[in-house]
There are 2 protein chains.
Amino acid sequence: MVKVMNIIQTIASIPLFEGLPDNYCESLGLIAVRKTYARGQMFFSEGDDGIGFYIILSGKVKVFKLSADGKEQIFHILEDKEPFGEAAVFAGEHYPASAQALVETSAIFFPRPKFVELILSQPSLALSMLALLSLRLRKLTLLVENLSLKEVPGRLAAYLIFLNDRNNHSKSIELDVSKNQMAGLLGTIPETISRILKRMSEEKLIKMSTRSISIIDKKGLADLAEGVRRLA
Amino acid sequence: MVKVMNIIQTIASIPLFEGLPDNYCESLGLIAVRKTYARGQMFFSEGDDGIGFYIILSGKVKVFKLSADGKEQIFHILEDKEPFGEAAVFAGEHYPASAQALVETSAIFFPRPKFVELILSQPSLALSMLALLSLRLRKLTLLVENLSLKEVPGRLAAYLIFLNDRNNHSKSIELDVSKNQMAGLLGTIPETISRILKRMSEEKLIKMSTRSISIIDKKGLADLAEGVRRLA
DNA sequence: GTTGTTCCTTGACTTAAGTCAAATATAAAT
DNA sequence: ATTTATATTTGACTTAAGTCAAGGAACAAC
């Protein structure tokens, strides 16, 4: 029972379920299953039946698709307390993309049938899910915008600013994803990332250290991201 | 009252609200407002407050974003009974993109506050909305995949097949959107569309008439869309 | 340390697709 | 029909970014 209690407390602390009455958190706890995935292990693959969704407790997960020739487009890189696979629970039968652990990751799993049942009895939970999906939609919209409206330096600048904003606006950005992953997220290749980061350094927009990047001219980066300025 | 009755019947026929109890359709009818938009008129612009969402009764609407230098990325082109602006109702405060009537369009509008209220009292309505948002998410996922994993001929092939499938798999596709719009949707420019359609004709994948396109080699197109084959 | 592995950088080359500009074609208006 | 406007096609040119291939770091294991 100790383990169940832990899950319930954990659930209550997840933004998605915030403000739910205690007894519903308990119901959630009862249908939730804790799982651990090793680095590189797949949660699910594109086309699999959508049997439920996950919420990350710790670790890092990438959601992506592969093209016929093996190129990979990453849609999201997700961390603590972020859910994934949730769209498949409501829409179609299958997961539209694949999900893989980038590092050892622990997550809780909510099986579809029981969760849908719960939703039906609890409108405010439904409202939370609606807000969540809307947010995802917004994030994806941003990605589409980036991919088609901006060239790579702009996308990269936007991503650096995103990372910076997420880390409390501290001047230095930890590069906890490989340039390979970065490239996949930005719809390009690692070589291009390298070259652009170099140009950004030359133009004194950023300073590079081994495992991190410092933003020197945030305005300049923002201009790049807006497509206002371009890189020499 | 006649007008209200019409709206209620209309609402009951919309997939999004299918299977709802009559009294809820009536409630929806009471908060719904019918509006008409001229060709070129804006429903809302990116950044506007998300005051509600629309469902198309007749006409055609494009949802898009503009870059700093005026390039336009179209996210969806929507027709009868399709909703738009719904994400803004739940997520943030603002519409993430703009919506404009491509032809004279009539729609019903649901104001946010009253709709949210309704959702809270009716879980199965919430479930419909969840499914809808998931579907949107899926469509966008596809767009991202197209934009980054495939080159333009592949995207165009995928789009032609999409149009074909939508129109009951009839051999000929009506080009009811300009090549300009098409280009915007596929993240490219009209010139490129022209050239690729020409090459597709030369390779006997399609046959072009003035206002329509016939698919000759569907398999060939599908191969292009999958990225299996390439255009000479 | 030294070895092996993985990741990152750099260079030379190629190419898809964008820009600019001009010529046609189609549709709309009088 | 003739004119006007709008869309489409075509050509010549440019360029961002991809491919291929070779060196260099960084890191882990022994």
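Below, read A as the first sequence line, B as the second, and so on, with proteins coming before strands; counting in each chain starts at 1. Hydrogens, waters and symmetry mates play no part in the numbers below; they use all other heavy atoms, side chains included.
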>> Output the pairing pattern of DNA chain D as a dot-bracket string, 5' first, Watson-Crick or G-U wobble with both distances under 3.5 Å, | for cross-strand pairs, [ ] for crossing pairs.
In response: ||||||||||||||||||||||..||||||
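- The shortest heavy-atom contact between Gln73(B) and Gly187(B) is OE1-CA, 3.4 Å.
- With salt bridges taken as basic N to acidic carboxylate O contacts below 4.0 Å, none links Asp49(B) and Arg112(B).
- Ring orientation note: the planes of Phe53(A) and Phe110(A) are close to parallel, at an angle under 30° on the 30°/60° scale.
- Using a 4.0 Å cut-off between charged nitrogen and carboxylate oxygen, Arg229(B) and Asp217(B) count as a salt-bridge pair.
- Inter-residue side-chain proximity for Val144(A) and Lys65(B) is flagged as unmet; no heavy-atom pair is nearer than 4.5 Å.
- A heavy atom closer than 4.0 Å to some atom of DNA chain C occurs in Glu191(B), Thr192(B), Arg195(B), these being the qualifying members of residues 190-199 of chain B.
- Residue Ile189(B) contributes atom CD1, which lies 14 Å from atom P of dA21(C) at whole-angstrom precision.
- In the displayed structure, Lys139(B) atom NZ is contacted under 6.0 Å by more than 12 heavy atoms of other residues, nucleotides or ligands.
- Ring-plane geometry between Phe84(A) and Tyr54(A) is classed as parallel, the angle between the planes falling under 30 degrees on a 0 to 90 degree scale with a further cut at 60.
- Along DNA chain D, the stretch of nucleotides lying under 4.0 Å from any heavy atom of chain B spans, 5' to 3', dT8(D) to dA12(D).
- In this structure, Thr105(A) contributes its side chain and Val103(A) its backbone to a donor-acceptor pair below 3.5 Å.
- Phosphate contact (OP1/OP2 of dT26(C), side-chain N/O of Arg211(B), threshold under 4.0 Å): absent.
- When the shell of 6.0 Å around CZ of Arg199(B) is examined, it contains more than 12 heavy atoms from other residues, nucleotides or ligands.
- The nearest pair of heavy atoms linking Ser148(A) to Leu147(B) is CB-CD1, 4.2 Å.
- Between the NZ atom of Lys179(B) and the P atom of dA27(C) there is a distance of 11 Å, given to the nearest Å.
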